Amino acid sequence: DAKTTQPPSMDCAEGRAANLPCNHSTISGNEYVYWYRQIHSQGPQYIIHGLKNNETNEMASLIITEDRKSSTLILPHATLRDTAVYYCIVRPRAANAGGTSYGKLTFGQGTILTVHP
Amino acid sequence: NAGVTQTPKFQVLKTGQSMTLQCAQDMNHNSMYWYRQDPGMGLRLIYYSASEGTTDKGEVPNGYNVSRLNKREFSLRLESAAPSQTSVYFCASSGLGSGATNYGYTFGSGTRLTVV
């Protein structure tokens with residue numbers, strides 16, 4: 001599986017956009033980019049994922065570079081509740097006998113995002 | 001609400017005791033996983049079950065056993081607990097299920113285990 005590199009920590013002012021970078025220079029063609037976050041003591045929460053196109057949902061936007069070697073998670077209007085550890089993960093899509101399944105997630109250290117008032 | 005349910009939420013064991021952590025999901029997911037998270041660390045995969053009837057070792061399987069009881073349930077057993085197994089244990093599920101529109105993992109709220 002491709003490895004990812006994230007800054008260990010970032011700060012953001014409340015109400016501003018938080019842009020979290022991730023480097024995945026060894027990503028292969030069948031690997032997706034996933035983002036999760038973990039708020040203190042809770043289980044990780046799915047945010048968004050993408051293959052090569054930019055994606056947006058109600059939580060965030062994901063911008064993937066054309067060469068797919070890096071991506072940026074954007075929280076458009078960060079709130080104090082967005083303070084969490086953010087994990088960028090690449091995950092292969094694999095077929096199995098029962099249909100399509102998706103490879104297991106391998107978590108790195110993530111980025112600790114602190115949103116300040 | 002649909003999701004992943006873990007029991008118990010907290011447990012204290014003495015060294016050498018055994019216990020089983022229970023996990024159940026109601027999303028009709030094919031795959032289930034057990035992770036552990038030590039303080040200040042990321043999650044590490046212990047065991048996973050890609051589909052009912054199959055289990056495989058993850059990154060840190062030593063000292064654990066698992067059972068995929070049926071499609072809904074995936075249990076983790078510690079046969080002889082050690083202080084090094086003090087951790088927070090998370091169960092997760094993923095895959096194509098009824099109404100699934102994303103293919104990410106859904107995690108339970110965790111079991112906080114202390115071995116003394």
Side-chain angles (χ1 to χ4, degrees), chain A residues 1 3-9 22 30-51 53 55-60 62 73 84-113, chain B residues 3-6 9-10 23 25 27-61 68 71 74 87-97 100-112:
Chain A
D1 297 351
K3 297 287 189 272
T4 62
T5 304
Q6 299 177 252
S9 63
C22 180
N30 72 337
E31 290 182 315
Y32 287 71
V33 179
Y34 277 76
W35 283 84
Y36 284 78
R37 73 179 182 184
Q38 187 175 25
I39 297 171
H40 180 64
S41 299
Q42 299 179 18
Q45 176 190 25
Y46 166 84
I47 301 173
I48 198 167
H49 76 285
L51 183 62
N53 298 321
E55 302 287 345
T56 296
N57 62 22
E58 65 278 5
M59 290 183 67
L62 174 61
L73 178 73
V85 181
Y86 287 77
Y87 296 100
C88 169
I89 302 166
V90 292
R91 180 189 188 194
R93 174 175 177 165
N96 67 7
T100 303
S101 71
Y102 296 80
K104 52 191 182 294
L105 292 175
T106 300
F107 287 80
Q109 295 300 308
T111 296
I112 301 171
L113 174 68
Chain B
V4 177
T5 303
Q6 291 184 236
K9 294 189 183 302
F10 300 92
C23 176
Q25 53 93 6
M27 297 168 286
N28 201 34
H29 283 169
N30 293 323
S31 304
M32 298 185 73
Y33 311 81
W34 276 105
Y35 287 86
R36 63 176 286 175
Q37 186 173 33
D38 299 327
M41 304 286 288
L43 282 78
R44 292 184 293 170
L45 183 65
I46 306 171
Y47 270 94
Y48 67 102
S49 171
S51 61
E52 186 179 358
T54 70
T55 60
D56 286 286
K57 295 179 181 179
E59 182 185 355
V60 288
R68 183 74 182 266
K71 192 171 186 179
F74 188 39
S87 190
V88 181
Y89 291 84
F90 290 102
C91 177
S93 70
S94 74
L96 298 176
T101 56
N102 82 70
Y103 305 103
Y105 284 22
T106 300
F107 283 83
S109 58
T111 294
R112 284 145 185 82

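Remember, it's a predicted structure, so these values are computed and weren't measured experimentally. First the proteins, then the strands, lettered A, B, ... as listed; each starts at 1.
The candidate from B:Gly40, B:Gly42, B:Ser109, B:Gly108 with the greatest count of non-hydrogen atom pairs under 4.5 Å with chain A is B:Gly42. Between chain A and the options B:Phe107, B:Tyr35, B:Tyr48, the largest number of non-hydrogen pairs under 4.5 Å is found for B:Phe107.
Checked against the 6.0 Å centroid criterion, the rings of A:Tyr87 and A:Phe107 qualify as a close aromatic pair. Aromatic ring centroids of B:Tyr33 and B:Tyr105 lie under 6.0 Å apart.
The contact between B:Leu45 and chain A is made entirely by side chain atoms (from C-beta outward), counting heavy-atom distances below 4.5 Å. Residue contact with chain B, scored on non-hydrogen atoms closer than 4.5 Å, involves the side chain of A:Gln109 exclusively. Of the two parts of B:Glu59, neither the backbone nor the side chain holds a non-hydrogen atom closer than 4.5 Å to a non-hydrogen atom of chain A. Residue B:Arg44 does not touch chain A at all, counting heavy-atom pairs closer than 4.5 Å.
Within the 4.5 Å cutoff, side-chain heavy atoms of B:Phe90 are placed close to those of A:Gln38.
Side-chain contact annotation: A:Tyr86 with A:Arg37, donor-acceptor N/O pair under 3.5 Å present. Using modelled atom types, one finds no donor on one side chain facing an acceptor on the other under 3.5 Å when comparing B:Asn30 with B:Ser51.
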